[in-house]
Number of protein chains: 2
Amino acid sequence: MTCILQMTVLLKQNIAKHISLSANETQQFCALFEQKLIPKKSFLLREGEICKFEGFVTKGLFRVYHIDKNGFEQILYFAIENWWITDIDSFTAETPSQLFIEALEDSEVLLISKKDKEFAYANLPQIEKLFRVMTQKTHVALQRRMIDNLSKTAESRYIEFTEKYPQLLQRLSNIQIGAYLGITNVFLSNIRKKIAVKK
Amino acid sequence: MTCILQMTVLLKQNIAKHISLSANETQQFCALFEQKLIPKKSFLLREGEICKFEGFVTKGLFRVYHIDKNGFEQILYFAIENWWITDIDSFTAETPSQLFIEALEDSEVLLISKKDKEFAYANLPQIEKLFRVMTQKTHVALQRRMIDNLSKTAESRYIEFTEKYPQLLQRLSNIQIGAYLGITNVFLSNIRKKIAVKK
DNA sequence: TTTATTTATTAAACTAGTTTAATGTTTTGA
DNA sequence: TCAAAACATTAAACTAGTTTAATAAATAAA
């Protein structure tokens, strides 16, 4: 387990990537987080629960996914070190979540509660900007993914995934990658074979 | 053409749906918008341009879409009265847009420039919250659409579209609806026939 | 009002991706 | 370290959705 001071270094760096925030405000904001260890295969959130946190991953790997009425899983996103995780819908509206958040590796996160986040919005004016900017960036990325899913074949989506997230590729099974791309692992096997033959 | 005072009523109502803002601040913010008429089939934004505005639709209908390298169109969203339109990526990063925004009917929008929006962020503290909250809601909606596209057949996506946006259905061609759902208009015809037979 | 253009429908051949199932491989856990 | 479970691969039959093309219907333009 990493020491909490060391972990907030990552968080502070991440904040600085989005906005410029005084050392004092940064310190006050980071003090609102608490560390939690999530062992592999355990859940930070399950469908039906109300999401009480917003999290920043400092170690490990999570998947955020939905299970449809036929029992198939769709992965909304993966989160490794330096990524944020939450069910933004359940967190803000305080409604039961339709998502699962599961650790795929032994993981560590910094969590902030809804109450403390509201405290930050009320008392640290720049925090509102931080989350506006971050949500915008996340939204732009999802818009691009939406367009890709509407227009590209599974093969080119897979190739682009391998180019965009090479570090994730090593850490994920084909089943997980398929659930992100929207295809079965069987078809992903075919794609991989086809690509291998080409080379 | 509607009078500008009348149009800002819609804008004020829309703001009030997201946050509570004093009459004074509402007034100051709304004064930053200017009205523009966009005739049917003309463009508010074209690929390659830098998006200089954020817009609020007070009349008419727009589509925000991308054209892929094979010349096919993917519709990111439609916007009718009370919807906001922009290319958030191009607007914030000031990079060339990959999107087109086209009026499908004679339309009216209230536009705010980047400079005036930054003025609002700097001087009207609640405006930061307004756009954080709106971006969050938009993002939640896109997350749901993403999951639907990963898990549901075109037929059920079409049925859900007709249930969710009955007022849009009347105003759009099958070609537009198909480009939103990610299917060809030929296949959409098949779906419509199949549904009609069922009834 | 007539003509040109866009849109919707249908059919038929095709392709991308699924399903089921069998087999071998890797990982996990007691 | 051994057995069980999870994962990856392959094949074969199948289905959802595309492509091309022809025809009819609706809309727009002159």
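Residue numbers start from 1 in every chain, and the chains themselves are labelled A, B, ... in the order their sequence lines are given, proteins ahead of strands.
- The distance from atom CG of B/D106 to atom P of D/dA28 is 11 Å, rounded to the nearest whole Å.
- When the side-chain nitrogen and oxygen atoms of A/S189 are compared with OP1 and OP2 of D/dT10, none of them lie within a distance under 4.0 Å.
- Here the C1' atom of nucleotide D/dA16 and the CG atom of B/L150 are 16 Å apart, to the nearest Å.
- The distance between atom NZ of B/K193 and atom C1' of C/dA12, rounded to the nearest whole Å, is 13 Å.
- Closest to the A/V186 side chain, of the nucleotides C/dG17, D/dG17, C/dT20, is C/dT20.
- Among the atoms of the strands shown, only primed sugar atoms or phosphate atoms (P, OP1, OP2) are found under 4.0 Å from some heavy atom of B/S173.
- The separation between B/N70 atom CG and D/dT20 atom P is 11 Å, rounded to whole Å.
- The B/R157 side chain lies nearest to D/dG17 when the options are D/dG17, C/dT20, C/dA8.
- When every heavy atom of A/I147 is checked against every heavy atom of B/H66, the shortest pair comes out as CG2-ND1, 3.5 Å.
- With respect to A/R144 and B/D89, a salt bridge is recorded, a charged nitrogen being found less than 4.0 Å from a carboxylate O.
- The side chain of A/K40 contributes no N or O atom lying less than 4.0 Å from OP1 or OP2 of C/dG29.
- The nucleotide whose nearest atom lies closest to any side-chain atom of B/F187 is, among C/dT18, C/dT9, D/dG17, D/dG17.
- Here A/N190 does not reach the OP1 or OP2 of D/dA8: none of its side-chain N or O atoms lies under 4.0 Å away.
- If you take CD1 of A/I177 and P of D/dT9, they are 10 Å apart, rounded to a whole angstrom.
- More than 12 heavy atoms of other residues, nucleotides or ligands shown are found within 6.0 angstrom of OH on B/Y77.
- In this structure, A/G178 reaches neither bases nor backbone, as no heavy-atom distance under 4.0 Å exists between it and the strands shown.
- Distance CG (B/N185) to P (D/dA25): 18 Å, rounded to an integer number of Å.
- Each of A/F72 and B/L188 has a nearest nucleotide on DNA chain C; the 5'-most of these lies closest to B/L188.
- In this structure, CD1 of A/I191 is placed 8 Å from P of C/dT18, rounded to the nearest angstrom.
- In this structure, B/R145 is positioned above the aromatic face of B/Y180, its NZ or CZ under 6.0 Å from the six-membered ring centre and within 45° of the axis.
- Of the N and O atoms on the side chains of B/W84 and B/N14, at least one donor lies less than 3.5 Å from an acceptor on the other residue.
- Across the protein-nucleic acid pair, A/Q176 atom CD and C/dT27 atom P stand 15 Å apart, rounded to whole Å.
- Taking only side-chain nitrogens and oxygens, A/K194 never comes nearer than 4.0 Å to OP1 or OP2 of D/dT9.
- Put simply, B/R192 has no side-chain N or O that comes within less than 4.0 Å of OP1 or OP2 on C/dA8.
- Between B/I183 and B/K41, the residue whose closest nucleotide on DNA chain D is further toward the 5' end is B/I183.
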